[in-house]
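Working notes, structure below.
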Amino acid sequence: MAKLRSLLLFTLLASLSTVLAESWKVNNINIQVVSKDGAKKAEHKLEYPYAIQDLSAEPTDSLKLSFKLENSVRPHQAMVVFQSQDEFQDEVMVAASVKGSGKGRLELNFARGDTKFKYGTRKYSMTFLLGGPKVDEPYKYTLGHIEVKGPSVNPPTRPTRVEYKSQPEIHHQFRPDQKLINQAISGAFTILVLTPFAALFILWGQLGIKFEPLKALATKPLDLIAALVFFGSLAGIEYVFYSYWTHVTLFPVLQYLGVLSLVAVISGRSVLSTAQTRRLQRTAGSAKKEF
Amino acid sequence: MRPSILLSTLALALVAQATSLTGNRALVLLDNLDDTDSYMELWNDFQSRDYNVTIRETSSPIALSRYDQREFDHLIFLSPKMKEYPKGMSAKAVVGFVADGGNVLLAASPELSSTLRELSREFDVEFDNRFTTVLDHFNYDDNLGNKQHDVIAVNPKTHMAKINAIVPQDAVSGPVLFRGMAHSVNPTNSLLTSVLWAPQEAYSWESVNLEEIADQDPNVSGKDISFVSVLQARNNARVAFLGSTEMLTDKFFNAKAKKHGEAETVSGNRKFIEELTKWTFREKGVLEVVAVEHHKVGELEAPAHYRIKDNMTYTIHLAEYHDGEWHPFSADDVQLELIMLDPYVRKTLDQIALTEESTVGSFSTTVQLPDQYGVFKFMVNYKRPGLGYVESVTTVGIHPFRHDQYPRFISQAKPYYTSAASMGVGLLIFSFVYLWGGLDSSAKTTKKA
């Protein structure tokens, strides 16, 4: 009977211990922010599930967490994980030490802590994690948020990597076209260039040109042909110059010029000789008059 | 026309080979040949993909290359305890194997030796100390990890890289089970990518003596712990690092994963490893430049050289390899760069619409060449996560204007044109008036007062 009783007691105790060991019981959670010289800047008692929101720390401050574990089983993990609340979501896990009595404390000096705290002023969420191999249900308590300021002098930079993705388009800026002067100015100067012609025609008009030899040409067909050929060859030479300026290259131009100049020389001789006879007649006539 | 000819020759060259582009000779190194039995499903999977698998113990000598040619195409390390390399192999030989185009898969365990740790350092991967394992009291598997909380069920939807080229998001249906050692990848290395990482509550600690509390900050924790990471070298050879050999065993392939607090499902290990090995052994995610064409707008052939401010049409044909054959590649972010020391122009290429007969994906654009003359490179530098690297360089010369290619007639130069023309016209008018104007025949030329 006694054996049965002890057996019953044993199984009862065993089942009780498993029931007890299934979850963690944490009390007296106390969080403090302590400055470099030990002065307490903030102190809060936390009770699950209350989360503290307005904690802030300087880069030289320390965060102190203390708690009391009511379980007889010792945990393996008693840590606080800090997660930055920006787009990088960096994580830092800091361990607490738990004594045999169940009293646990965690001290994190931000100046000597992980480099991730020093990248800049960021807000972190703090989550208290408690777990062990013998207990099935772990304990998670989001303690709240803390803003940790980055160091003002020489903050370390976050390591970056070249991301393989499409890069921004580059459009080439072409050099602007050469700036040219106003069209009106070139128009004005074109007219200026043509003014000597006006002067020439005015002066010729004053001299009184009558085109007598031209009328006389009509009667002498040989001279007419020579005159036409000569004038035509001169006009042709001018046209060859114009076509050289627009599109013809040098060697064809030289060929044309060679032919045309020959024609001009041959016909020009007779035209110029008639002009010379006219001039001699005039001077001979005036010499006669003088005398 | 031309790209299809090139592609068909490429396809013919591959018809006789296995599905992997590198080749089908795989070498597996085990600590002990008795371990072969625990990976039977893995060997079956390799057999079905036409691999010629050679299984050796690390104590037997093996040569990775002979007469400067690779003897094997894929090297699989399932021997974490390996203290010394097999005779004929060394760290230098393995790195040379990768430089030669061979692919490597390295699986570790908490008993990882320093030789393999040194080998991983060559690739910028840092494994944790010996006899450490990853522990997670929040995400452990109830069936296998009940005792020590060291088997972690990883949710592929949240803790797997969203790179569809490596492991597609919808391919892995259940959690991936992991028991092994943590490693971290260098965050600045662009060639390295972490594919599977630990949940926030995980940490790496000694695997022995779990009675004592972990009272120091763990070396790595949370998402800094990488479970599986991959590296694609610049020559497109691929190396995969797994922190657990057990991930590949039959036990984990067939396990019913029950994450603590959730319902029971089949583990996603088999599909995950299948997709990972397909990627690592270059059976998918491989890109190839089939042809490149460039010519002036309106012409068909590439000229000997270009002239500044010419309009040029550039076309590149890309193909992607997966499921055993080449398919046309589709993307909307292939870019062309015109580079002479620095990029002068960078433009996104438009894809020509694919038809049923397309064998390659064609990307084309028209660009006006810059007004800087010199020797330029037309470069398509296409590197995306999970896909093979494409670097296509065409060197062309861009010449300045010839003397007769400048603007010919300038309207502001009218005074000069007019003055030259007036010379010629004036000659004609003057000679007409002089010859037949009667100035030298009139009796009125001499006047007497």
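Quick note on labels: first sequence line is chain A, next is B, and so on, each numbered from 1.
Contact tally against chain B (heavy-atom pairs below 4.5 Å) for Arg74(A), His172(A), Arg158(A): the top residue is His172(A). Interface check for chain A: of the options Gln148(B), Gln216(B), Lys347(B), Lys223(B), the most heavy-atom pairs under 4.5 Å are formed by Lys223(B). Of the listed residues Gln89(A), Glu163(A), His171(A), Gln173(A), the one with more heavy-atom pairs under 4.5 angstrom with chain B than any other is Gln89(A). Ranked by non-hydrogen atom pairs under 4.5 Å with chain B, the options Ala96(A), Pro159(A), Gly132(A) are led by Gly132(A). Options Ala413(B), Pro187(B), Gly145(B) differ in how many heavy-atom pairs under 4.5 Å they form with chain A, and the most are formed by Pro187(B). Here Ser186(A) is the residue among Ser186(A), Gly104(A), Pro75(A) with the most heavy-atom pairs under 4.5 Å with chain B. Among Phe197(A), Phe230(A), Tyr139(A), the residue with the largest count of heavy-atom pairs under 4.5 Å with chain B is Phe197(A). Counting heavy-atom pairs closer than 4.5 Å to chain A, the top residue among Leu135(B), Ile213(B), Asp215(B) is Ile213(B). Listed options Gly187(A), Ala78(A), Ser97(A), Ala227(A) were ranked by heavy-atom pairs under 4.5 angstrom with chain B; first place goes to Ala227(A). Taking Gly426(B), Gly424(B), Gly222(B) one by one and counting their heavy-atom pairs under 4.5 Å with chain A, the maximum is reached by Gly424(B). In terms of heavy-atom pairs under 4.5 Å with chain A, the best-connected choice from Val367(B), Asn381(B), Thr188(B) is Thr188(B).
Tyr382(B) does not touch chain A: none of its heavy atoms, backbone or side chain, sits under 4.5 Å away. With a threshold of 4.5 angstrom between heavy atoms, Ala202(B) approaches chain A through N, CA, C or O but not through any side-chain atom. Heavy atoms closer than 4.5 Å to chain A are found in the backbone of Leu192(B), but not in its side chain. Interface residue Gln368(B): backbone and side-chain heavy atoms are both found under 4.5 Å from chain A. At a 4.5 Å heavy-atom cutoff, the contact between Lys383(B) and chain A is made by backbone and side-chain atoms alike. Trp204(A) touches chain B through its side chain: at least one heavy atom from C-beta onward sits under 4.5 Å away, while N, CA, C and O do not. Contact of Gln335(B) with chain A is made through the side chain alone, with heavy-atom distances under 4.5 Å. Only the backbone of Asn189(B) comes within contact range of chain A, judged by heavy atoms closer than 4.5 Å. Within the 4.5 angstrom heavy-atom criterion, only side-chain atoms of Leu427(B), from C-beta onward, approach chain A. Contact of Leu369(B) with chain A is made through the backbone alone, with heavy-atom distances under 4.5 Å.
Residues in residues 93-106 of chain A take part in these salt bridge (Lys or Arg N to Asp or Glu O under 4.0 Å) pairs, two or more places apart or across chains: Arg105(A)-Glu107(A). For residues 416-431 of chain B, no residue pair satisfies the side-chain hydrogen bond (donor to acceptor under 3.5 Å, both in side chains) rule, not counting sequence neighbours.
Side chains of Ser226(B) and Ser194(B): a donor-acceptor N/O pair is present below 3.5 angstrom, by distance only. For Gln183(A) and Ser411(B), the side-chain atoms include at least one donor-acceptor pair closer than 3.5 Å. Side chain to side chain, Asp128(B) and Ser204(B) meet the donor-acceptor criterion of an N or O pair below 3.5 Å. For the residue pair Gln77(A) / His149(B), no side-chain donor-acceptor distance below 3.5 Å is found, with atom types taken as modelled.
With salt bridges taken as basic N to acidic carboxylate O contacts below 4.0 Å, one links Lys140(A) and Glu201(B).
Taking the six-membered ring for Trp and the full ring otherwise, Phe409(B) and Trp245(A) have centroids separated by under 6.0 Å. For Phe401(B) and Tyr373(B), the ring centers are positioned 6.0 Å apart or more. Taking the ring centroids of Tyr314(B) and Phe363(B), they lie at or beyond the 6.0 Å cut-off. Residues Phe432(B) and Trp436(B) place their aromatic rings such that the two centres sit under 6.0 Å apart.
Sparse packing is recorded around CG of Asp177(A), with 12 or fewer heavy atoms of other residues, nucleotides or ligands lying under 6.0 Å away.
Using bins of under 30°, 30° to 60° and over 60° for the plane-to-plane angle, the ring pair Phe82(A)/Tyr124(A) lands in the perpendicular bin.
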